[in-house]
Amino acid sequence: MFEAAAEQPFPESYRVDREPAPHALLEPVLGFLGVWRGRGRGGYPTLDGDFAYAQEVRFSHDGRPFLRYEARAWLLDGDGAPLRPAARESGWWRLQPDGRVEALVTQPTGITEILVGHAGQGAVDLSTHTVALTPTAKEVTATRRRYTLADAGTLDFVHDLAAVGQPLQHHLSATLRRAVGQSTPPTSSWNSSVQ
């Protein structure tokens with residue numbers, strides 16, 4: 001006899017004021033919890049020019065010392081209408097006691113990145129530690145990603161890329177607004193770090 005699995009008993013949260021309570025090691029990144037949406041611009045020497053895109057980024061937790069990360073983007077035409085899906089990735093940010101971050105990011109195009117960096121003062125700066133590629137993935141040798149809280153409702157994102165024989169250089173930037181999650185900064189030391 002087949003017995004269906006019960007509903008997920010351990011929910012994820014996009015907020016600090018809902019269960020489960022965030023792990024203490026998440027303190028430097030609590031302001032990132034939520035769903036963020038916005039627009040940006042990108043380009044790279046191997047592309048036929050710059051492009052506009054929209055993006056949604058999600059950060060959640062389940063009470064353990066890491067954030068679940070998911071991002072998806074789609075290209076926009078000159079009038080701002082969606083053209084087609086673009087980048088998509090998911091992964092985890094693992095927080096360490098001294099504010100260090102170890103991030104795992106996987107893309108459906110056959111690229112997996114392990115990044116390391118630091119979280120503090122309302123920002124996370126991550127750089128490549130290792131890149132693993134499937135046999136048919138395009139060559140990516142390094143990335144750098146910076147996430148900065150301009151305020152409690154605005155997240156700026158910058159992505160540098162070294163790929164297909166090109167050195168590390170600017171690839172993407174976007175400004176995202178909070179759509180779901182903490183509407184005001186949590187009452188903790190995080191509040192003072194974003195001002």
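Remember, predicted model here, so these are calculated numbers, not experimental data.
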State plainly whether the residues Asp160 and Arg146 are in salt-bridge range, i.e. N to O under 4.0 Å.
yes
Answer yes or no: is there a side-chain heavy-atom contact under 4.5 Å between Val158 and His170?
yes
Looking only at side chains, do Thr175 and Asp156 share a donor and an acceptor under 3.5 Å apart?
yes
Looking at His129, I want to see if its NE2 is surrounded by more than 12 non-hydrogen atoms of other residues, nucleotides or ligands under 6.0 Å.
no
Check whether any side-chain heavy atom of His61 sits under 4.5 Å from a side-chain heavy atom of Leu26, and report yes or no.
yes
Side-chain donor-acceptor contact under 3.5 Å, Ser173 with Arg41:
no
Distance-only, no hydrogens or angles: does the Thr141 side chain make a donor-acceptor pair with backbone N or O of Ala162 under 3.5 Å?
yes
Derivation and outcome, side-chain contact (heavy atoms from CB on, under 4.5 Å), residues Arg100 and Arg94:
CA-CA 8 Å; Arg100 283 180 302 122; Arg94 302 176 65 233; over 6 Å; no
To check you understand the geometry: which heavy-atom pair defines the closest contact between Ala174 and Tyr53, and what is its length?
CB-OH, 3.4 Å
Closest non-hydrogen contact found for Leu172 with Gly42 is CD2-CA, 3.9 Å
Just so I know, are the side chains of Val101 and His118 near enough to count as touching, which here means a heavy-atom distance under 4.5 Å?
no
Can we say Asp125 and Arg144 salt-bridge, meaning some charged N sits less than 4.0 Å from an Asp/Glu carboxylate O?
yes
Taking Leu47 as the starting point, is it possible to reach Val140 by hopping between hydrophobic residues whose side chains are less than 4.5 Å apart?
yes
OG on Ser90 to CG on Leu104, rounded to 0.5 Å
10.5 Å
Below 4.5 Å, heavy atoms only, C-beta onward: do Leu30 and Pro22 meet side chain to side chain?
yes
Going hydrophobic residue to hydrophobic residue with side-chain gaps under 4.5 angstrom, can you get from Phe51 over to Leu83?
yes
Are Leu25 and Phe32 in one and the same hydrophobic cluster, where Ile, Leu, Val, Met, Phe, Trp and Tyr link if side-chain heavy atoms are under 4.5 Å apart?
yes
Can you confirm whether Leu126 sits close enough to Val116 that some side-chain heavy atom of one is under 4.5 Å from a side-chain heavy atom of the other?
no
With clusters defined by side-chain heavy atoms of hydrophobic residues (ILVMFWY) lying less than 4.5 Å apart, directly or transitively, does Leu133 cluster with Ile114?
no
State, with a plain yes or no, whether a side-chain heavy atom of Val16 is found less than 4.5 Å away from one of Leu33.
yes
Would you tell me whether Tyr69 and Arg58 have side-chain atoms, one donor and one acceptor, within less than 3.5 Å of each other?
no
Any luck finding a side-chain donor-acceptor pair between Gln107 and Thr112 under 3.5 Å?
no
Under 6.0 Å between ring centres: does that hold for Phe157 and Trp36?
no
Any side-chain to backbone donor/acceptor pair from Asp151 onto Gly153? Under 3.5 Å, distance only.
yes
With distance as the sole test, does Glu113 use its side chain to make a donor-acceptor pair with the main-chain N or O of Thr143 at under 3.5 Å?
no
Side-chain (Tyr44) to main-chain (Leu161) donor-acceptor, under 3.5 angstrom
yes
May I ask you to check whether Trp93 and Phe66 place their ring centres under 6.0 Å from each other?
no
Sidechain N-carboxylate O distance under 4.0 Å for Glu12, Arg64:
no
Considering all heavy atoms of both residues, which atom of Arg15 and which atom of Gly181 are nearest to each other, and what is their separation?
NH1-O, 2.8 Å
Closest non-hydrogen atom pair, Val57 against Ala71
CG2-CB, 4.0 Å
Would the number of heavy atoms belonging to other residues, nucleotides or ligands and lying under 6.0 Å from CZ of Arg72 be above 12?
no
Donor-acceptor pair, distance only, cut-off 3.5 Å: does the side chain of Thr148 make one with the backbone of Ala150?
no
Closest heavy-atom pair and its distance - Ala152, Arg178:
O-NH2, 2.8 Å
In one Ile/Leu/Val/Met/Phe/Trp/Tyr side-chain cluster, 4.5 Å: Leu176, Leu75:
yes
Once you round to the nearest 0.5 Å, how far does CD of Glu139 lie from CD of Gln166?
10.0 Å
For Leu76 and Arg39, run side-chain contact (heavy atoms from CB on, under 4.5 Å): C-alpha distance rounded to whole Å, both residues' side-chain angles, the deciding distance at 0.1 Å, then the answer.
CA-CA 9 Å; Leu76 302 173; Arg39 294 180 179 218; 3.6 Å; yes
State, yes or no, whether a side-chain contact exists between Ser60 and Ser13 at a heavy-atom distance under 4.5 Å.
no
Sub-3.5 Å donor-acceptor pair from the side chain of His171 to the main-chain atoms of Gly43, do we have one?
yes
For Lys138 and Val164, the nearest pair of non-hydrogen atoms, with its separation, is CB-CG1, 4.4 Å
For Asp50, I'd like to know if atom CG has over 12 heavy atoms of other residues, nucleotides or ligands within 6.0 Å.
yes
Is the closest side-chain heavy-atom distance between Val29 and Leu67 below 4.5 Å?
yes
To the nearest 0.5 angstrom, please state how far the CG atom of Leu155 sits from the CD atom of Gln55.
8.5 Å
